[in-house]
Amino acid sequence: MRATLRQAARATVHLFLAAAMAFGSYLFITVLLIAATGAVSGVGIWLLPETVLLIRRIAGAKRRLTASWTGREIPEAYRPVTGPLRERLRTAVGDPGTLTDLRWMGAYYAYGWLTVLMLPLWPAGLLVDGVLRGLLGREALVLPLLVRLADLEAGWSAALLRPSPKALLANRVEQLTATRANAVAAHGAELRRIERDLHDGAQARLVALSMRIGLAQRAYGADPDTARKLLSDAQDQAEEALTELRHVVRGIHPPILTDRGLVGAVRALAGGWGSPRSSEAESEGGLSVTVLTDRLPDGPRAPAAVEAAAYFVIAEALTNASKYSGSDRAEVVLARSRTGLSVRVRDEGCGGVDESAGSGLLGMRRRVAALDGTVRVTSPVGGPTVIEVELPCLW
């Protein structure tokens, strides 16, 4: 009986909130009629976009309420209502999501009253089910109807609020357009970085190397000792230029990824901060990094682009942890899911990450978005900071 009462109570809360929203939608119909009348007459046409935005908020609240009951998220697919009045009007009227919301609101005006059926069900349920369960030991009959009523209301709402395939396709096109723009921006920034590194590093050293070799050639006949010294300096500069070139190559695609794979590359990266360790090991200094790969079993490797993105995300996250977190411990978790690769970096620092302060998270998001992945950052003040990345790929 307790379980039945708990389920009925939860259904009652959902139905009560749905009834409150239905009552609010009845009142909103008046606002909608005023906006429609103003749009037709031309006097209050500016109200139309604002009314559409308000409808979106109401429909969004209903989606969240329905998802909390069913456990399944209902996606949203809206075009942004921005720009001058004419563009806002065109978007508000032409967006398929507007038609979906209006269709739901009209239907909800009819079926929203079903929620009031919960009022007579409770006294009848306590009386009938109390007798059946308490005296006869049979299954409850009336109180489970509250759960069925909540399921019916949520099912209708989910079906009506689900975006049309056309709206989902339009939303997906907009997402891909933004992703492509971010990928182009990230690619341009990477090319500028490589050009700057070559110009300021390897190219300058190679120019100096060429000059020293030329001086050595001129001095070789008259002053062999000076020529030998110049050649020795040229050899040092050649080694420095090679070091600079290796640094640039690592910035493009670390060779260690090709040689050792993602796990080996991440362990080597962690070793650069301190040492990859088990949970009971201690590090003498620097950032002590734990690398957990238990959920990344041996098997086919992820595509090179996915491995490179994961490596750079981890490198950037550990750099931020070392510079700003104030923590001496960090944890990297690599996991393989059915649809891709998961990366999780956690530090026990001060938290409060500000993405607008040049923390490198914008570049991280762009790099991941180019692969249609997602980045989630959780960093409350006082810590911990957790960066979770999902990179889709086929195994």
Side-chain angles (χ1 to χ4, degrees), residues 1-29 31-32 51-78 95-130 132-133 138-169 171-172 175 337-339 374 376 378 388 390:
M1 189 65 180
R2 288 182 179 179
T4 301
L5 287 173
R6 283 196 299 269
Q7 292 177 352
R10 181 169 174 263
T12 301
V13 171
H14 172 80
L15 291 170
F16 177 79
L17 294 175
M21 187 167 290
F23 180 74
S25 67
Y26 296 156
L27 297 179
F28 183 74
I29 292 295
V31 178
L32 188 61
T51 304
V52 169
L53 290 176
L54 185 56
I55 293 174
R56 289 182 179 184
R57 295 190 185 97
I58 296 173
K62 184 59 181 175
R63 285 187 178 92
R64 290 189 292 274
L65 177 63
T66 303
S68 67
W69 174 257
T70 62
R72 295 186 296 274
E73 295 292 331
I74 304 175
E76 292 185 353
Y78 294 124
D95 186 4
T98 302
L99 179 60
T100 299
D101 291 346
L102 289 175
R103 182 184 60 189
W104 162 76
M105 187 164 286
Y108 201 47
Y109 190 85
Y111 75 85
W113 62 269
L114 288 174
T115 56
V116 301
L117 294 178
M118 64 179 174
L119 298 177
L121 286 177
W122 263 108
L126 292 175
L127 179 62
V128 175
D129 293 341
L132 289 176
R133 292 285 294 174
R138 296 181 180 178
E139 294 294 328
L141 294 178
V142 180
L143 289 179
L145 294 178
L146 289 166
V147 179
R148 295 181 184 177
L149 183 61
D151 288 339
L152 181 64
E153 191 277 336
W156 283 353
S157 297
L160 290 168
L161 287 170
R162 190 172 295 112
S164 65
K166 181 180 178 181
L168 290 174
L169 179 60
N171 191 55
R172 181 59 176 163
Q175 289 179 353
S337 63
R338 185 176 59 86
T339 57
T374 59
R376 184 171 61 184
T378 305
E388 296 175 293
E390 295 288 336

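Every heavy atom of this structure was used, including side-chain atoms; hydrogens, water molecules and symmetry mates were not.
Just one of Asp101, Thr51, Thr98, Asp95 meets the side chain to side chain donor-acceptor pair (under 3.5 Å) condition when paired with Arg56; it is Asp95.
Nearest approach of Leu161 to Arg63, heavy atoms of both residues: O-NH2, 3.0 Å. Nearest heavy atoms, Ala18 versus Lys62: CB-NZ, 3.7 Å. In terms of heavy-atom proximity, Ala154 sits nearest to Thr70 at CB-CG2, 3.8 Å. When all heavy atoms of Thr115 and Gly112 are compared, the pair lying nearest together is OG1-O, 2.8 Å. The two residues Ile58 and Met105 have their closest heavy-atom pair at CG2-CE, 4.3 Å. Here the closest heavy-atom approach between residue Ala150 and residue Ala11 is recorded as CB-CB, 4.0 Å.
Here the straight-line distance linking atom CG of Leu15 with atom CD of Glu153 works out to 6.5 Å at 0.5 Å rounding. Atom-to-atom distance recorded for Leu145:CG and Asp151:CG is 11.5 Å, nearest 0.5 angstrom. Residue Leu160 holds its CG atom at 10.0 Å from CD1 of Ile74, rounded to the nearest 0.5 Å. Rounded to the nearest 0.5 Å, atoms CG (Leu149) and CG (Leu117) are 6.0 Å apart. Between atom OG1 of residue Thr66 and atom NE2 of residue His14 there is a gap of 5.5 Å, rounded to the nearest 0.5 Å.
Residues Trp69 and Val147 have side chains in contact (heavy-atom distance under 4.5 Å, counting atoms from C-beta outward). Considering only heavy atoms from C-beta on, Trp156 comes within 4.5 Å of Leu152 through its side chain.
Ring geometry for Tyr111 against Tyr108 counts as perpendicular: the plane angle is over 60°, on a 0 to 90° scale with 30° as the lower cut.
In this view, Thr12 and Trp122 satisfy the side chain to side chain donor-acceptor pair (under 3.5 Å) rule, not counting sequence neighbours.
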